[in-house]
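Working notes, structure below.
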Amino acid sequence: MDGASTIRRPNSASLFDRAANVLVGGVSSPVRAFKAVGGRPVFVERMNGPHVYDVDGRRYVDLVGSWGTAIVGHAHPDVVATVQRAAAAGLSFGACCAAEAQLGERILSAIPGADRIRFVNSGTEAAMSALRLARAATGRSRVLKFAGCYHGHVDALLVAAGSGAAAFGIPDSAGVPPDVAASTLIARYNDLPDVRRIMDTHGPNIAAIIVEPLAGNMGMIRPVDGFLSGLRSLCDRHGSLLILDEIITAFRVTWGGYQNICGVTPDITCLGKTIGGGLPVAAYAGSRALMEQISPTGPVYQAGTLSGNPVAMATGIATLDLCRRDGFYESLHARSTALASALADAASAHSIPLVTDALGGMMGFAFGRPPLRDFDDVRGCDHQRFARFFHAMLDRGVWLPPSGYETWFLSAAHDDDSVAHVVDAASESFRLLNT
Ligand SMILES: *Cc1c(COP(=O)(O)O)cnc(C)c1O
């Protein structure tokens with residue numbers, strides 16, 4: 001039952017011991033501690049193209065992509081050259097630079113409903129600021145979110161669901177004041193009647209509905225037909241704002257956001273991850289009238305010492321310019337779809353129930369049976385099996401997210417060889433799971 005790897009990684013082990021004496025739990029972000037899969041974290045020496053190289057001399061095909069940022073592959077030479085040029089001109093200005101508008105123009109040209117943007121440094125900051133803006137614009141305090149959607153570690157959004165019926169939020173973390181958590185209402189993802197019921201009661205107090213339009217923090221879960229357009233109409237009816245958290249999906253599933261695919265225009269879009277190409281960049285965007293309520297044009301205060309950092313902006317520009325090339329998302333989608341279906345075939349050859357899905361550079365993988373529509377469905381998947389699979393794959397040179405609740409990410413650097421390697425490793429690992 002112990003999922004731990006059978007391969008010794010002495011350099012990783014000693015680095016983790018050292019880190020654990022300094023860093024809380026040995027890590028800078030909790031998922032890296034491997035709690036969900038057991039075993040000890042593997043330390044990285046470098047990442048290049050589709051590959052991870054660890055400190056013990058092992059190579060892996062990467063399907064984490066630094067949680068979605070690495071859309072063009074790691075250390076792409078064009079991006080690195082741009083970063084080096086930008087860095088040589090100064091690491092941080094704390095003043096205006098041309099690159100802010102240049103990155104902003106690229107993003108806004110791809111997000112039709114938005115004509116003003118504010119850059120921040122993390123997705124958490126983007127969601128926090130979007131919520132503050134929604135509260136200011138509506139004069140209301142409550143927010144409705146969905147079980148299984150993650151919007152960063154913002155107090156009011158760090159609330160998961162009770163199972164089933166709508167519940168007043170219960171904090172998901174110590175240190176979140178109960179009053180703050182109680183301002184958050186939780187609905188079931190893909191359950192429009194649930195949302196309608198909550199809005200009928202609480203609508204006049206709800207500043208915003210915030211949602212991942214294509215969920216990526218409970219595996220990859222697609223919205224059912226009519227779900228997002230239904231949220232749009234409910235927001236319109238009740239005078240609430242619709243916030244689409246596209247921090248994963250923007251420029252990951254297509255040029256622009258998932259909103260370009262589903263045709264639902266939000267009041268505020270949150271972006272992150274891919275738009276920084278690996279440096280800390282996130283943003284929120286919306287109509288000019290709404291966004292100009294933010295300081296310095298309006299009364300909603302929001303600022304950042306490192307926001308619009310010149311090196312980070314240059315990295316985002318160089319990354320998006322590679323994504324903008326003809327056929328970029330089509331070939332990414334073809335690659336991830338091929339991988340998803342090859343894995344499904346391999347699992348079914350071993351009679352293992354597996355649900356896979358793919359869109360652009362996102363892939364879903366869950367040991368369960370369809371349909372997977374919400375957090376409870378995903379919770380019902382076999383996460384112990386995932387833990388064993390994770391280690392079997394790690395030992396065969398595949399770098400997966402260390403939890404069954406995560407989306408997998410491919411990049412433009414994933415070629416036939418790296419995809420074939422993943423499929424071979426998975427076939428062996430599936431066989432092992434049955435023994
Ligand atoms: C990663 C993520 C965030 C938080 O972004 P950070 O940069 O980690 O703070 C918010 N929303 C979604 C949908 C995310 O996937």
Side-chain angles (χ1 to χ4, degrees), residues 27-33 63-71 107 111 118-134 143-160 172-173 176 184 186 189 208-223 228 231 242-253 257-259 262 266 268-285 302 304 306-309 312 315-316 319 359-364 374-375 378 401-409:
V27 297
S28 299
S29 192
V31 71
R32 299 178 199 166
L63 291 171
V64 182
S66 181
W67 304 97
T69 68
I71 186 116
I107 294 170
I111 306 278
R118 169 61 60 85
F119 287 111
V120 293
N121 303 288
S122 71
T124 294
E125 230 185 303
M128 175 187 80
S129 308
L131 181 55
R132 181 181 302 149
L133 173 59
V143 58
L144 191 155
K145 77 174 284 288
F146 294 90
C149 284
Y150 178 66
H151 307 290
H153 59 93
V154 180
D155 278 355
L157 300 175
L158 204 54
V159 181
D172 216 22
S173 162
V176 175
T184 304
I186 309 290
Y189 196 77
I209 296 179
I210 185 167
V211 65
E212 291 179 68
L214 168 65
N217 284 287
M218 46 176 162
M220 171 182 160
I221 302 294
R222 292 193 193 237
L228 297 172
L231 297 183
L242 180 63
I243 304 173
L244 292 190
D245 181 346
E246 299 231 42
I247 287 167
I248 287 181
T249 47
F251 299 96
R252 163 63 53 189
V253 295
Y258 188 76
Q259 59 194 269
C262 68
I268 307 174
T269 301
C270 297
L271 307 101
K273 296 190 168 114
T274 303
I275 63 164
L279 287 196
V281 181
Y284 57 114
Q302 188 271 303
L306 293 173
S307 297
N309 169 277
T315 310
T319 302
L359 185 69
M362 276 175 85
M363 232 198 79
D374 64 26
F375 189 54
V378 177
S403 156
Y405 289 93
E406 304 290 353
T407 296
W408 298 10
F409 296 110

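Start at 1 and go down the list; that is how both ligands and their atoms are numbered.
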Interatomic distance, Tyr150 atom OH to Ile247 atom CD1 [nearest 0.5 angstrom]: 9.0 Å

Residue contacts for ligand 1, heavy atom to ligand atom, distance under 4.0 Å: Ser122, Gly123, Thr124, Tyr150, His151, Gly152, Glu212, Asn217, Asp245, Ile247, Ile248, Lys273

Value rounded to 0.5 Å, distance of CG in Leu144 from CG in Leu242: 10.5 Å

Side chain to side chain, Glu125 and Gln302, heavy atoms closer than 4.5 Å: yes

Aromatic plane relationship, Tyr189 with Phe146 - under 30° parallel, 30 to 60° tilted, over 60° perpendicular: perpendicular

Contact check, side chains of Met362 and Trp408, non-hydrogen atoms, under 4.5 Å: no

By salt bridge (Lys or Arg N to Asp or Glu O under 4.0 Å) - contacts of Arg132 (at least two apart): none

